[in-house]
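Notes to accompany the following structure.
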Amino acid sequence: EPAPGGGPPVWSVMSARRSVRHYGETAMSLQDLSQLLWSTHGITGDMGVTELRNAPSAGACYPIEAYVVVNSVDGLAGGLYRYLTGDHALMLLREGNVGGEIARAALGQRMCEQGSVTFVWTAVLPRTTGRYGQRGHRYVMLDAGHVGQNMYLAATALGYGCCTIGAFDDTAMNQAVGVDGTVETVVYAASVGPLE
């Protein structure tokens, strides 16, 4: 379970936040991974039948889904997982060195296989286009930005380095995660690992 209380003051965390591309070798704890997932997608309330999350979403559509590429997390096999928001759980999609595939899809950014984890965020496009028409794609990018900023702040507060990733080969990244690129497509990613 996540531990939403305590931690350093938000102003200190904002001041300390930087993009970090090189990491130490210590494995991430499962508790810290839980905290990072909750910080970006955790359910914090409701508005009728709509569950509200830590990161804001235009119209509370929440089109952003989280996949986690585990390279080095205590008690968790390396591989690709999907985050199940309502259950605050991970579902293993496939084991193995997925970090190498993600690094290649991210145009050789080795931090994707050297960090403890890489978060890959997809957008489920029908969640926004029905409500907002063609403007829905713009709202998807705003939502992805909110999730990425929450990741930076949470990782910094926990003492990890983080670097978001927007440069990648769309087709290769979609294939690595196993999404079709039309209904669900990769829009953003972030590597997270221990500070050197």
Are any side-chain N or O atoms of Gln35 and backbone N or O atoms of Ala3, one a donor and one an acceptor, separated by less than 3.5 Å?
yes
Between atom CZ of Arg17 and atom SG of Cys162, what is the distance when rounded to the nearest 0.5 Å?
8.5 Å
Under a 4.5 Å cut-off applied to non-hydrogen side-chain atoms, are Val147 and Phe119 in contact?
no
Smallest heavy-atom separation, Ala123 atom then Val140 atom, equals CB-CG1, 3.3 Å
Membership question, hydrophobic clusters at under 4.5 Å side-chain separation (ILVMFWY): are Tyr188 and Met141 in the same one?
yes
Looking at Glu113 and Asn97, what are the two nearest heavy atoms and their distance?
OE1-ND2, 4.4 Å
Is the side chain of Gln109 donor-acceptor paired with the backbone N or O of Phe168 at a distance under 3.5 Å, no angle test?
no
Does Leu76 belong to the same Ile/Leu/Val/Met/Phe/Trp/Tyr cluster as Met28, with side-chain heavy atoms less than 4.5 Å apart forming each link?
yes
Main-chain N/O of Val186 paired to Asn174 side chain as donor or acceptor, under 3.5 Å:
yes
Can you get from Leu92 to Leu36 by hopping between Ile, Leu, Val, Met, Phe, Trp and Tyr side chains that sit under 4.5 Å apart?
yes
Can you check whether Thr50's main-chain N or O pairs, donor with acceptor, with Tyr62's side chain at less than 3.5 Å?
no
So which heavy atom on Gly115 is nearest to which on Asn71, and how close?
O-ND2, 3.0 Å
Within the distance-only criterion (no hydrogens, no angle test), does the side chain of Thr185 pair as donor or acceptor with the backbone N or O of Thr182 below 3.5 angstrom?
no
What's the separation between atom CD in Glu95 and atom CG in Leu80, rounded to the nearest 0.5 Å?
11.5 Å
Residue pair Tyr23, Ser116: steps toward the side chain to side chain donor-acceptor pair (under 3.5 Å) verdict
CA-CA 8 Å; Tyr23 308 110; Ser116 299; over 6 Å; no
What closest approach, in Å, do Pro2 and Ser34 show between heavy atoms, and which atom pair accounts for it?
N-OG, 3.6 Å
Only distances under 3.5 Å count here; give the side-chain donor-acceptor pairs of residues 63-70 to other protein atoms, sequence neighbours excluded, each with its distance to 0.1 Å.
residue	atom	partner	partner atom	Å
Glu65	OE1	Arg82	NH2	3.4
Glu65	OE2	Arg127	NH1	2.8
Glu65	OE2	Arg127	NH2	2.8
Tyr67	OH	Arg82	NH1	2.7
Tyr67	OH	Glu184	OE2	2.9

Passes side chain to side chain donor-acceptor pair (under 3.5 Å), Asp143 versus Ser57? Steps please.
CA-CA 5 Å; Asp143 284 11; Ser57 175; 2.6 Å; yes
Of all heavy-atom pairs linking Ala144 and Val187, the shortest is CB-CG2, 4.1 Å
Parallel, tilted or perpendicular: which fits the ring planes of His88 and Tyr83, with parallel below 30° and perpendicular above 60°?
perpendicular
Mind listing the closest non-hydrogen atom pair of Val120 and Val177 along with its distance?
CG1-CG2, 3.6 Å
Cluster check Tyr81, Ile102: I/L/V/M/F/W/Y, side chain < 4.5 angstrom:
no
Is there a donor-acceptor pair closer than 3.5 Å between any side-chain N or O of Ser15 and the backbone N or O of Trp11?
no
Calculate, to the nearest 0.5 Å, the distance between atoms CG and OG1 belonging to Leu153 and Thr40 respectively.
11.5 Å
OG-CZ distance between Ser191 and Arg110, expressed to the nearest 0.5 angstrom:
12.5 Å
Strictly distance-based, threshold 3.5 Å: is any side-chain N or O of Asn54 a donor or acceptor partner for the main-chain N or O of Trp38?
yes
Say you draw a straight line from CE of Met151 to NE2 of His41; how long is it, rounded to the nearest 0.5 Å?
7.0 Å
Has the side chain of Glu25 got a donor or acceptor atom that lies under 3.5 Å from a matching backbone atom of Glu196?
no
Count I, L, V, M, F, W, Y as connected when their side-chain heavy atoms are under 4.5 Å apart, and connections chain through other members. Are Val192 and Tyr152 then in the same cluster?
no
Is there side-chain contact between Leu93 and Val98, with at least one heavy-atom pair below 4.5 Å?
no
If I take atom CE from residue Met111 and atom CD1 from residue Ile165, how far apart are they, to the nearest 0.5 angstrom?
4.0 Å
